Amino acid sequence: MAHRKGARTNDEATPAWRLEGAFAPDGGKFYRALVENAGDILTLLDRDGTILYQSPAMREVLGYDGAAFIGTPVCDGVHPEDRERVRARILECAQKPEWISMETFRLPHLDGSWRWMEARAKNLLNDPDVGAILCVSRDVTEARRLEHQLQQAERLARFGYWRWVKGEPAPIWSEGVSKILDRSPRDMPRGGDWYRELIHPDDHDILLSKFLDAFDSNEQVTSVARFLAGDGTFRYIKTHAYAEADARHEVGALVGLAEDVTEEMRAQEAMKVSEAKYRLLAEQATDIIHHIAPDSSMIYLSPSVKVVLGYTPEDFAGQKGAGAFVHPDDLARLSAGYRDFVLSRAMLRFEYRFRHKNGHYVWLETTMRAVRDEAGKLTEIVGITRDTSERKKHEIEMMEARERAEAASRTKSRFLANMSHELRTPLNAIIGFSEMLKLEMFGKLGHARYVEYAQLINESGGLLLDLISDILDMSKIEAGKYELHREPINVSEAIGSALKLMYGRAEESGLALTTAICTGAASTVIFADERALKQILLNLLSNAVKFTQPGGRIIVGADATGSGIRFRVTDTGRGIPKEQIPRLAQPFEQVSTDAELAKQGTGLGLALVRSLAELHGGSIRIESEVGRGTTVTVDIPTNETPALFQAAK
Ligand code: ADP
């Protein structure tokens, strides 16, 4: 097995732990120490995926005793959702001698959690000394979590994304972009004349030349151009494009962000792109194994150092420490960590930049493990180093993209808040004065048409004011600036006052509006923001009225749930197709087939209900059946009433 002797020469394709030569002083013992003390898990599999050997690092990484799994199929432990993929990968690997493959999957930790592992497998079945598939696995859970958070942040910022690979005829558009443009992703042009199809004729030359410049100059370009939307109109789309260099620092693609207010699928698209990138970088990575003496001199270095850093192992013979190669900005942190590790710690992992033989810096991640004698004295250090430059570059890119997205989102919220304020003031004058005209407060207008027009101005002003208030509320919530003014509220009174405002509209639309408040709820006092609660009920009621045919019924209910109140608005209206429900509580989302009715709304109603409920620690649920009706339930927790308000209860 791992420590068996064999007469071989150094060869880059040969796993480092099998190598012997100038830097391997004592054959078997040496390799056993190397394998058993590596921080990553080394596993040997037979061609069916049965575990033949498991290194002791298993205990450190996953808490289990590796020896216990010998003789069992490796796939048994893998997360059920990843199992088939891993099984197929092992079978594929078993078919191809010397083949190297990379896979990420989940394994259980003794503490009950699932850990994401990144494993590199090499088929050495035909190697007479090994006769197995060798896997080196490491825990990448933290990196996956970071990636997921970035995706979430981008989803919240609602942007479109595109990538134009040099030499390809057209950019690849994320779904976010097609969404901004109201097109189906299949309608996005892909041919060499994409810009003629997509961009206003007056804009495409300049946009194209800017993009081409960015390919050459490596600088970020921002541009505004008119893009043709699915409905035949042009929209102004602002794109920030920047060049993306490959590992050789050559620009390989242009990447861009397009501003968006409705995008929600883009995150998935970005996820796919980033996963593909991770896979690519992982498949190209080659780990370096090193063995260091207590005085920091290099005893052994695997030949893969040539692939990653351009040096041969001999270049480091007798070298003490690697400080001279480490990036000056990383050196102090690294030296401090290393000193600490040598003195007392068992394991060290760090990321740093190392100077390649060609002069540029490469991001590396090294895991070191200290081997100590019984007295605790350091006897040797075993390390595994992986080239993480692609991953790092991608992380930095994502970080920058997120910062840009967040800055744009903050600007948008500030702009909306200011605009809404500026618009409200004149609107109030329009509404107030048209009201006076309508009522002919200071004398006759003279012609019935004038009264009618004054009424129209008044109604339109009212609608506009509602819309602006919704936008303002939404942008406040998104900017985290919406403050709740909680006070004790009696549930039936809150429902009563919302109903009072809706009876007129319900009657005009020929609808019966009734309540069903259970006794437990009627007397309950919740501690909530009165204006927000009223807005929740009014938004739900006005949707019910809007989407229910004359003759229908609307019931407003409330039940006590133990921890709070469940408000319910049920209608017998047109209903909502199942597949559309999940996206309706996002801002600006409407049922796509409701073209006529959609004009009467903005798609903000349900989004506000959801956000306001969530601000209270509550939630919203939409249940609906097409043609039968809709029930929207909103749970609002009672919330602890502070002593000050106890008397009011
Ligand atoms: P708006 O009503 O302003 O368009 P909302 O966020 O309140 O925005 O609603 C979004 C969409 O959800 C509506 O356009 C409509 O298609 C659908 N919808 C909401 N409530 C109902 C309901 N009670 N019955 C049928 N469809 C509804």
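Just so you know, ligand 1 is whichever comes first in the structure, and atom 1 is the first atom listed for that ligand. In what follows, every heavy atom counts, from backbone to side chain, and hydrogens, waters and symmetry copies are set aside. Nothing here was measured: the structure is a model prediction, and the numbers come from that model.
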_For Phe211 and Trp194, take the angle between the two ring planes, folded into 0 to 90°, and tell me which bin it lands in: parallel under 30, tilted 30 to 60, perpendicular over 60._
parallel
_Quick check: Arg574 and ligand 1, any N/O pair under 3.5 Å apart?_
no
*Show which atoms of ligand 1 fall inside a sub-4.0 Å distance from at least one heavy-atom site of Leu604.*
6 (O), 8 (O)
*Between Val569, Thr548, Asn543, Val632, which one has a non-hydrogen atom sitting closest to atom 20 (N) of ligand 1?*
Asn543
*Please identify which atoms of ligand 1 are closer than 4.0 Å to at least one heavy atom of Gly605.*
5 (P), 6 (O), 7 (O), 8 (O)
*Considering all heavy atoms, the nearest Trp164-Pro171 contact*: CD1-N, 3.6 Å
*Has ligand 1 got any nitrogen or oxygen that is less than 3.5 angstrom from a nitrogen or oxygen of Leu606?*
yes
*Between Arg404 and Tyr242, is NZ or CZ placed under 6.0 angstrom from the six-membered ring centre and within 45° of the ring axis?*
yes
*Do Gly575 and ligand 1 have an N or O pair less than 3.5 Å apart?*
no
*May I ask whether Ile576 places a heavy atom under 4.0 Å from ligand 1?*
yes
*Quick check: does any side chain N or O of Trp162 sit under 3.5 Å from a backbone N or O of Ala241, one acting as donor and the other as acceptor?*
no
*asked:* Need the ligand 1 atom indices (1-based, order shown) with element for anything under 4.0 Å from a heavy-atom of Lys546.
replied: 1 (P), 2 (O), 3 (O)
_Test: side chain to side chain donor-acceptor pair (under 3.5 Å). Region: residues 550-561. Which pairs qualify, not counting sequence neighbours?_
Asp559-Arg568
*So, does His616 use its side chain to make a donor-acceptor pair with the main chain of Ser611 at under 3.5 Å?*
no
